[in-house]
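Notes follow once the structure below has been shown.
Just the heavy atoms: all of them, side chains too, but no hydrogens, waters or symmetry mates, feed the values below. So you know, we letter chains A, B, ... as the sequences are listed, proteins then strands, and number each from 1.
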Amino acid sequence: MVTAHDNVPRLCPLFHLKSFTCIAQLSSETLFNCTSLAEASQFYSSLIQRCIEKKSFTDATVIHTHILKFGFLHLNIGNKLTDAYFKCSCIVDARKLFDELPNRFIVTWNSMISYYINHRRSKEAILLYTRMVPEGVLPDEFTFSSVFKAFSELGLVNQGQQAHGLSVVLGLEVSNVFVGSALVDMYAKFGKMKDARLVSNRVMDKDVVLFTALIVGYNQQGDGGGALEVFGNMINQGIKANEYTFASILITCGNLEDLSVGKLVHGLAIKSGFESAVASQTSLLTMYARCGLIIDSLNVFNKILHPNQVTWTSLIVGLVQNDKAELALSKFREMIRSSLSPNSFTLSSVIQACSSLAMLESGKQIHTIVMKFGLDTDGYAGAALIDMYGKCGSTEMARSVFGTLIQVNVVSMNSMIYGYAQNGFGYEALKLFKKMKDLELEPNGVTILSVLLACKNAGLVDEGCQIFDSIRNNYKSIELTRDHYACMVDLLGRCGRLEEAEMLIKQVSNQDVVLWRTLLSACKIHGEVEMAERAVNEALDITPGDEGTHILMSNLYASTGNWSQVIEMKSSMREMKLKKNPAMSWVDVNTEVHTFTAGDWSHPRSREILETLENLMEKVKKLGYVPDARFVLQDFDEENKKRSLYCHSEKLALAFALWMTSDKTTSIRIFKNLRVCGDCHSWIKFVSKVVGREIVARDAKRFHHFKEGCCSCGDYW
DNA sequence: GTAGGGTTAG
């Protein structure tokens with residue numbers, strides 16, 4: 001046996017080897033017969049090979065100690081041992097040994113880099129990659145085919161381009177399709193589809209992976225046409241699509257909401273034998289859901305034998321997007337029962353389902369599940385929770401979730417600002433907007449819309465104007481849309497700056513009915529008949545039968561006593577068969593939603609509701625509430641007169657909730673599909689004082705927080 | 001001995 005230290009043949013000290021479990025089978029003859037370095041190297045290699053086969057970490061460490069002692073770390077032995085550590089999944093030891101190696105093989109570099117990339121440790125992968133050239137090792141096709149992913153994951157465009165340059169210099173960009181497709185993927189992830197296309201054109205032997213990377217890139221850029229074109233090219237070149245390709249191109253069809261092409265591709269997938277592949281099935285059910293065919297989507301799902309986490313999530317997302325919130329929730333429970341865990345995608349969708357129904361209680365249940373899976377600090381799940389609590393009027397809860405987020409990004413900021421905005425906390429929203437600047441987070445269009453909404457709901461006219469102007473003049477990167485303009489028109493119109501509001505609308509290139517209707521509604525507040533008539537004409541030019549416009553105008557005529565015009569409006573509405581959307585309120589009591597429409601006494605607890613209302617009426621009158629005269633003077637019998645006092649749906653919903661719940665510490669939440677009426681608004685203020693509880697009312701426009709006889713909107717809504 | 005593409009969200 002030899003050692004590397006003295007290069008002189010001598011006997012191997014047997015006692016070192018006794019503890020080797022894998023060596024026990026080697027004959028002692030082999031041990032003693034090593035008389036050259038090559039032989040010793042061969043001997044160690046075979047030992048390490050045994051370790052790899054047995055995946056024995058203990059043996060690997062013993063060999064490690066031994067070869068250190070006898071100085072055999074060089075040659076191929078150290079590299080081989082690194083491989084053994086990898087195969088035993090002992091990465092820390094592999095890295096430690098890697099750092100000790102006097103000479104590292106390219107394969108060892110590559111293994112190390114690819115390990116880091118596959119375990120989302122891109123930074124470490126790039127650090128190693130940048131060490132290669134200075135240490136005299138040139139990256140090869142294996143290095144490049146994995147390292148580009150690290151650049152795209154970290155968004156390092158310049159460094160990625162530099163690495164691309166080196167791969168060109170080394171002649172690997174066009175000659176190796178692995179390198180080529182990794183490059184295409186990187187540029188696609190950077191959103192640089194032109195560069196992706198340029199690389200793909202140069203690659204010599206294009207294959208299905210390269211084309212799929214291009215298709216996915218176009219999908220992510222929202223360019224369905226581009227994706228379909230690539231798919232066509234691929235088929236024309238005789239390259240067959242596989243499971244991954246079908247998964248991607250079906251998403252294209254869904255994004256384009258193109259059912260006919262979608263069905264065509266579905267047929268092709270069946271013909272190609274990928275009908276039962278889970279990935280393409282998942283995309284298939286997503287495609288049908290995007291095209292609005294929920295039944296077909298469910299049918300695809302039901303045929304899948306082993307749906308995975310993503311499949312379940314895709315189904316739930318599809319249901320939520322098609323307003324099937326209840327079904328989405330029940331599918332979610334089914335998913336949990338099948339002992340699959342949800343991820344942040346799943347949970348944010350389910351939370352969205354809760355906020356669309358304004359089901360705060362179910363939402364809270366989902367919140368506990370979010371915490372159970374440790375996702376309450378996750379940006380996406382967090383943003384969904386903030387959004388839900390905001391929509392349910394729980395600003396406090398939204399704020400508390402916001403506070404627990406580990407990393408605040410634009411989306412979670414937007415959710416919180418929007419939450420403040422809809423609940424009338426204008427200054428809080430502005431404060432957060434300022435903090436965003438301090439944190440150097442770049443605001444986007446949604447941020448600005450939320451901030452403007454906050455100003456509008458709190459009557460912060462100057463602040464709103466200032467922000468709007470500064471974005472328009474200095475922030476060319478944010479595109480101001482019709483929604484931003486509509487918000488400003490509302491803000492200016494409400495405070496009586498009608499001329500400015502009208503001027504603003506005229507600056508919008510693609511005007512819609514909403515803009516003019518907003519101005520019209522401002523005209524109604526300020527009794528501006530002349531401008532209102534102009535607005536009506538403009539609105540009806542764009543959407544001739546718009547019912548909102550008709551209703552607003554007839555209300556405006558009524559409020560200015562112009563009865564002949566009211567009659568004319570009403571008859572033209574009748575002719576056009578326009579009907580008012582019936583007012584509706586609902587309340588979530590013990591996770592059950594109870595709905596009430598105006599003047600509807602069909603609820604099984606009507607008697608109790610009426611009693612509660614009579615009881616409340618007596619008390620609020622003592623505090624100074626005066627019922628709106630229009631509701632008491634109608635010619636009804638006694639019973640109906642009593643009921644007509646309480647005809648509005650929000651009063652019924654509130655009374656029911658008060659009767660059902662007695663805990664004074666919890667607030668009551670009622671919801672209305674239209675805007676809350678002036679009389680009810682005043683009545684609820686008094687009720688909040690009488691019952692000593694917080695009452696939150698969400699109407700079509702915003703939230704009202706009633707407490708101690710006051711409302712958070714300051715009577716401005 | 002080591003390598004590239006997919007499906008779910010705000």
Open item on the list: Given dG10(B), dT2(B), dT8(B), identify the nucleotide with an atom nearest to the side chain of Ser111(A).
Closed with: dT2(B)

Task: Gap between atoms CD and C1', on Gln321(A) and dA9(B) respectively (whole Å) - done: 9 Å

Open item on the list: Nearest whole Å is fine: how far is dT2(B) C1' from Leu138(A) CG?
Closed with: 17 Å

- [ ] Go through the N and O atoms of the side chain of Asn79(A) and the base of dG1(B), and report whether any donor-acceptor pair is under 3.5 Å.
- [x] no

Open item on the list: So Val317(A), base contact, sugar-phosphate only, or nothing? Heavy-atom distance under 4.0 Å.
Closed with: sugar-phosphate

Task: Pair of N/O donor and acceptor under 3.5 Å linking dG4(B) base with Ser145(A) side chain - done: no

Task: Side-chain N or O of Lys149(A) closer than 4.0 Å to phosphate OP1/OP2 of dA3(B) - done: no

Open item on the list: Can you tell me which nucleotide in dT8(B), dT2(B), dA3(B) comes closest to the side chain of Ile251(A)?
Closed with: dT8(B)

- [ ] Indicate, with a heavy-atom threshold strictly under 4.0 Å, whether Asp185(A) touches base, sugar-phosphate, or nothing.
- [x] sugar-phosphate

- [ ] Classify the side-chain pair Ser450(A)/Asn414(A) by whether it contains a donor and acceptor separated by less than 3.5 Å.
- [x] no

- [ ] Would you please determine if the base of dA9(B) is stacked by Tyr380(A), with stacking meaning a centroid separation under 5.5 angstrom and planes under 30 degrees?
- [x] no

- [ ] Describe the nucleic acid contact of Lys206(A) in one word from base, sugar-phosphate, nothing, applying a heavy-atom distance below 4.0 Å.
- [x] nothing

TODO: Would you classify Gln220(A) as touching base, sugar-phosphate or nothing, given that sugar-phosphate means primed atoms plus P, OP1 and OP2, and contacts are heavy atoms under 4.0 Å?
DONE: nothing

- [ ] Using atom NZ of Lys331(A) as one end and atom P of dT8(B) as the other, report the distance to the nearest whole Å.
- [x] 20 Å

TODO: State which of dA9(B), dG4(B), dT8(B) makes the closest approach to the side chain of Val209(A).
DONE: dG4(B)

- [ ] Tell me what Ser415(A) touches on the nucleic acid: a base, only sugar-phosphate, or nothing, going by heavy atoms under 4.0 Å.
- [x] nothing

Open item on the list: Please classify the nucleic acid contact of Val216(A) as base, sugar-phosphate, or nothing, using heavy-atom distances under 4.0 Å.
Closed with: sugar-phosphate

Open item on the list: Quick check on Gln220(A): does its CD atom have over 12 non-hydrogen neighbours (other residues, nucleotides or ligands) under 6.0 Å away?
Closed with: yes

Open item on the list: Tell me if the side-chain of Asp207(A) makes a donor-acceptor pair with the base of dG4(B), cut-off 3.5 Å, by modelled atom types.
Closed with: yes

TODO: Rounded to the nearest angstrom, tell me the gap between atom CG in Asp378(A) and atom C1' in dA9(B).
DONE: 10 Å

Open item on the list: Classify Ser344(A) by what it touches in the nucleic acid, base, sugar-phosphate, or nothing, heavy-atom distance under 4.0 Å.
Closed with: base

- [ ] Any chance you could measure Leu329(A), atom CG, to Cys354(A), atom SG, to the nearest 0.5 Å?
- [x] 5.0 Å

Open item on the list: Between P on dG1(B) and CG on Asp140(A), what's the gap in Å once rounded to a whole number?
Closed with: 15 Å

Open item on the list: OP1 or OP2 of dG1(B) versus the side-chain N and O atoms of Gln49(A): is any pair under 4.0 Å?
Closed with: no

- [ ] Kindly point out which of dT8(B), dG4(B), dG5(B) is positioned nearest to the side chain of Phe345(A)?
- [x] dT8(B)

- [ ] Would you mind classifying the nucleic acid contact of Ser314(A) as base, sugar-phosphate or nothing, using non-hydrogen atoms under 4.0 angstrom?
- [x] sugar-phosphate

Open item on the list: How many whole angstroms separate atom NE2 of His164(A) from atom C1' of dG4(B)?
Closed with: 15 Å

Open item on the list: Regarding Val177(A), tell me which of base, sugar-phosphate or nothing describes its non-hydrogen contacts under 4.0 Å with the strands shown.
Closed with: base

Task: Ring geometry between Tyr380(A) and Phe345(A) (parallel below 30°, tilted from 30 to 60°, perpendicular above 60°) - done: tilted

Open item on the list: Tell me the interatomic distance from Ile239(A), atom CD1, to dG5(B), atom P, rounded to whole angstroms.
Closed with: 17 Å

TODO: May I ask you to say what Asn308(A) touches in the nucleic acid, namely base, sugar-phosphate or nothing, with a heavy-atom cut-off under 4.0 Å?
DONE: nothing

Open item on the list: Base, sugar-phosphate or nothing for Val208(A)? Non-hydrogen atoms, less than 4.0 Å.
Closed with: base

Open item on the list: Quick check on dA3(B): is either OP1 or OP2 less than 4.0 Å from any side-chain nitrogen or oxygen of Ser114(A)?
Closed with: yes

TODO: Among dT2(B), dA9(B), dT8(B), find the nucleotide with the atom closest to the side chain of Asn343(A).
DONE: dT8(B)

Task: Touch class at under 4.0 angstrom, heavy-atom based, for Asn409(A) against every strand present - done: base

Open item on the list: Tell me every residue that passes side-chain hydrogen bond (donor to acceptor under 3.5 Å, both in side chains) with Ser412(A), counting only those two or more places apart in sequence or in another chain.
Closed with: Asn409(A)

Open item on the list: Determine whether the aromatic ring centres of residues Trp109(A) and Tyr129(A) are separated by less than 6.0 angstrom.
Closed with: no

TODO: Provide, to the nearest angstrom, the distance between the CG atom belonging to Leu97(A) and the P atom belonging to dG1(B).
DONE: 19 Å

Open item on the list: Just to be sure I understand the rule, does Asn242(A) reach a base, reach only the sugar-phosphate, or reach nothing, if contact means heavy atoms closer than 4.0 Å?
Closed with: base

- [ ] Check the angle between the aromatic planes of Phe151(A) and Phe148(A) and answer parallel, tilted or perpendicular using the 30° and 60° thresholds.
- [x] tilted

- [ ] Among dA3(B), dT7(B), dA9(B), find the nucleotide with the atom closest to the side chain of Ser349(A).
- [x] dA9(B)

- [ ] Find the distance between CZ (Phe246(A)) and CE (Met287(A)) and round it off to the nearest 0.5 Å.
- [x] 12.0 Å

